[in-house]
Amino acid sequence: MTPLAIAQCLLEDTYKYAFTSIDAPSEVADFIHEWGRLNIPDDVLAKDGREDHPHITVKYGLTTQDLPVELKEIAKTTKPFPIFMGVISLFTTSPEYDVVKIDVESPALRLLNKRICDALPHEDTYPDYHPHLTVAYVQKGTCDHLAGDDPFKPEGVA
């Protein structure tokens, strides 16, 4: 997976902070959408529903509305790197909903997060970095049974 979208710094009027992200390749995004439709019924979805554009957030909390030159330089000097897909887990800290997500891991991804933190002004609203791909926002407690599931594990493999 390559960090093609790393230089996209998004800040809409409804959000206080910007973020950098890596888009999931289309075949991975399609797989995640299909897994979500098969395993998360529509009637348990929360207000934000399913994630339309699966991505890995590299850094949330950037306090700039412009695309900083430092971020462009980081994007230009970052070489493609592997990202390892993990199991399903949930963020349960919101009082309104849970987040069904796929954990991901990569030493290079963590290094990229640190490079951005060191180079750009930000506020750490989420100080611990938990790389993941969001699948859906669901009603509290409705998808706890999915935790630990491995969507990428081939059938028949122990």
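In this chain, residues are counted from 1 in sequence order. Bear in mind the structure is a predicted one, so any value in this text is a computation, not a measurement.
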Kindly write out the residues that satisfy side chain to side chain donor-acceptor pair (under 3.5 Å) with [X], not counting sequence neighbours, or none if the list is empty.
X    : result
E73  : none
E105 : R110
D42  : R50
S89  : K101, D103

Qualifying salt bridge (Lys or Arg N to Asp or Glu O under 4.0 Å) pairs with a residue from residues 24-36, counting only residues at least two apart or across chains = E34-R37
Which residues, ordered by chain and number, are linked to L111 in its hydrophobic cluster, where ILVMFWY side chains connect at heavy-atom gaps below 4.5 Å, directly or through other members?
-> none
Who are the ring pair (Phe, Tyr, Trp, His ring centres under 6.0 Å) partners of [X], not counting sequence neighbours?
X    : value
H55  : F19
F84  : none
Y129 : none

Residue pairs meeting ring-ring contact (aromatic ring centres under 6.0 Å, His included), one or both in residues 99-118, sequence neighbours left out, come to none
Sequence neighbours excluded - ring-ring contact (aromatic ring centres under 6.0 Å, His included) pairs with any residue from residues 85-120 = F91-H132, Y97-Y137
Kindly list each side-chain donor-acceptor pair under 3.5 angstrom involving residues 113-121, sequence neighbours excluded, with atom names and distances?
residue	atom	partner	partner atom	Å
N113	ND2	V58	O	2.6
K114	NZ	D118	OD2	2.7
R115	NH1	T78	OG1	3.3
R115	NH2	T77	OG1	2.8

With a cut-off of 6.0 Å (strictly less than), are more than 12 heavy atoms of other residues, nucleotides or ligands near NE2 of H53?
-> no
